[in-house]
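Just so we're clear, the structure is a prediction, and the values are computed from it rather than from any experiment. Counting convention: from 1, in listed order, for ligands and their atoms alike.
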Amino acid sequence: MMTERTLAIIKPDAVERKLIGNILSRIEESGLDIIALRTASLSKEEAEGFYNVHAHRPFFDSLTSYMSSGPVVLAVLEGDNVISKWRQLMGATDPKEAEEGTIRRDLAVDKEKNSVHGSDSPESVAFEIPYFFNGL
Ligand code: CMP
C-alpha cells in the first residue's frame, strides 16, 4: 500500500460546459480523497511554467493559450496509488483512444481539449502540487 498525492485539473473546456460536478463526483465515487480544491484563471505565463516540460512540442503554444482561456479547477487527490488510479479514471490523452467509462471518453472534446489533467509520475507530482498549492 502506497498513499500518494496527485494534482488534478479540470480544464477550461469542462468548466465551460458545467462538468465540474460530474468530474468531482467521479473522483469521490472512485474512493479518492480530495484534500485541496480551488478555482483559478491561469495567465499564459503560469500555463507555460506549468507545462514547461512540453515547451519544445509543436502544440505548446496552442495548449498554453487554451489552458489560459478560461477558469480551471485545481485539486490535490490523495489515496493508495492515486497517481495511477486518477490516470485510469481520466483515460488516454486522446478521447478517441480512451477506454469506455473514462472521463475523457465520456466528456472530452479532442486531444487538446481533453477536460482533465493528472500528474504522470511522483517527480511530476513534486513539481505540480507546490506549483499551485503553497505548502502542500
Ligand atoms: P495533459 O495530460 O494535461 O498533458 C499535456 C497536454 O497537452 C495534454 O493533456 C493535452 O491537453 C495536450 N496535448 C497532448 N498531445 C497533444 C497533441 N498531439 N495535440 C494537441 N494537444 C496535445
Between W86 (side chain only) and E78 (backbone N and O only), is there a donor and an acceptor less than 3.5 Å apart? no
Are the side chain of K85 and the backbone N or O of D80 linked by a donor-acceptor pair below 3.5 Å? yes
In terms of the angle between their ring planes, are F59 and H54 parallel, tilted or perpendicular, with boundaries placed at 30° and 60°? tilted
Under the 3.5 angstrom rule, does the side chain of N114 hit a backbone N or O of D94 as a donor-acceptor pair? no
Going by distance alone, is a donor N or O of one side chain under 3.5 Å from an acceptor N or O of the other, for S68 and K44? no
State whether a side-chain donor-acceptor pair under 3.5 Å links S121 with S124. yes
Tell me which residues fall inside the under-4.0 Å heavy-atom shell around ligand 1. K11, Y51, H54, F59, L63, T93, R104, K111, E112, N114, H117
